[in-house]
Amino acid sequence: MSDIPEHLYYTEEHEYVGETDEESVYVVGITDYAQGELGDIVYVELPRVGTHFDRMEVFGVIEAVKAVSDLYCPIAGEVVEVNEAIDLDPALVNSDAYGDGWMIKLRAEDDDALEGLMSPEDYESHIDG
Amino acid sequence: MTGRMAVLPAAGTDHPAGGEQGREAARRMGRLRWTVVFDPPRDGAVNMAVDHALAETVDPDAGWLRLYRWTRPTLSLGRNEPAADCYDFERAARLGVDVVRRPTGGRGVLHDAELTYAVVAPIAAAGRLRAAYAAVHAGLAAGLRALGADARLAAGVAPGPPRAGACFDATAGGEVVAGGRKLTGSAQARIGRALLQHGSVLIDGTQELARKLCRQPADADAAPASTTLREQLGRTPTWEEVAKAVTEGLAAGLETEIAQGPLPRRALPLIRPLERRYRSREWTLRR
């Protein structure tokens with residue numbers, strides 16, 4: 001059973017978005033379901049701080065033992081922080097996808113950045129489908 | 001690393017890489033309309049571009065099996081394999097070996113006397129990545145058994161960072177082995193809404209050249225980790241013979257029919273731009 005926290009928003013491609021203490025800044029990572037699907041994660045490539053992404057533009061790549069997947073940016077905005085810890089220890093994404101395994105923080109360019117993202121209930125239906 | 005692994009039967013196993021999830025993936029994938037393309041030899045950049053284009057343009061109700069080969073011996077690198085400082089590319093050129101970087105994960109593979117396969121399916125139908133991996137391999141193993149090889153799925157998992165080195169030096173759980181040695185190496189990528197899984201069925205030769213191109217060679221005294229159909233069958237089957245067996249094995253494994261056809265027209269316009277990417281030094285030497 002995958003962990004789907006109530007306070008987060010989700011994409012069909014299994015990224016999550018969470019609010020932070022700073023207004024308009026959101027944290028992005030991949031879901032517990034996604035890390036379980038990929039298996040042992042061995043490499044994560046993340047962008048530099050300052051990079052701008054459009055909504056659903058590829059912002060990085062993740063590799064498990066055999067499988068590679070692009071990472072899709074759920075909201076448009078500029079990267080303000082990157083989790084450098086997962087560069088050294090990619091397994092953090094497996095062990096704590098919603099905590100220490102977060103990937104980037106973005107300053108959203110739109111006020112309605114969360115619009116169009118999936119609720120926890122919708123995401124649960126999506127992965128059960 | 002010797003690569004000798006415990007093995008499990010390809011069908012009916014309760015191994016996590018196979019078992020019920022693998023059978024469910026096979027059922028779901030079997031509902032797709034499948035086409036096999038017997039492709040003429042192409043060079044590395046074009047081969048990767050064609051696989052990628054198939055994935056980019058996948059239909060929600062269609063699956064593709066592309067069987068192909070290479071115009072020259074080619075070393076393919078894993079998408080994130082740190083190869084720039086590890087492989088001797090000048091030596092590769094002197095030996096007439098092309099180098100290309102794949103869109104999929106894993107380590108370096110020398111493509112020469114082999115049948116290369118690519119399976120492309122919509123993720124919505126393929127379901128869980130590892131289950132699809134097992135379903136495809138179970139089909140391949142069935143086809144290779146029909147040829148006479150004692151092909152089975154390897155147990156166990158060999159996790160590790162995408163370091164440089166020959167893919168056939170290590171066996172991961174769910175891969176096709178014969179006599180405890182790796183007969184088929186595969187890798188996956190999720191590209192948009194498609195799953196791309198491609199890999200090599202070794203017909204003849206060795207992966208020795210891949211090791212020679214690696215500046216950090218594996219233990220020279222180690223037993224070979226890979227095997228070939230020639231070793232397993234005591235004769236060298238033709239590419240066409242292996243292609244037919246693999247197609248029939250996958251069709252049986254997915255309980256479906258696979259019709260022969262050309263590459264889909266909508267994939268064709270993407271091939272040239274993708275070829276440019278796969279031919280660029282920027283991509284090949286990205287790590």
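Letters A, B, ... are given to chains in the order of the sequence lines, protein chains preceding strands, and every chain is numbered from 1. Every value quoted in this text rests on a predicted model; they were computed, and no experiment measured them. All heavy atoms count here, side chains included; hydrogens, waters and symmetry mates do not.
- Without hydrogens or angle criteria, Tyr43(A) side chain to Glu81(B) main chain gives no donor-acceptor distance under 3.5 Å.
- Tested against Asp70(A) for a salt bridge (charged side-chain N to carboxylate O under 4.0 Å, His left out), the candidates Arg193(B), Arg79(B), Arg190(B) yield a single pass: Arg79(B).
- Pairing each heavy atom of Leu129(B) with each of Ala67(A), the nearest pair is CD1-CB, 4.2 Å.
- Closest heavy-atom contact between Thr104(B) and Val68(A): C-CG2, 3.8 Å.
- Note: Ser69(A) OG to Leu195(B) CG = 10.5 Å, rounded to the nearest 0.5 Å.
- Heavy atoms of other residues, nucleotides or ligands lying less than 6.0 angstrom from CG of Asp111(A) number 12 at most.
- Heavy atoms of other residues, nucleotides or ligands lying less than 6.0 angstrom from CG of Asp112(A) number more than 12.
- At least one donor-acceptor pair closer than 3.5 Å links the side chain of Arg130(B) to the backbone N or O of Glu37(A).
- Residue contact with chain B, scored on non-hydrogen atoms closer than 4.5 Å, involves the side chain of Glu12(A) exclusively.
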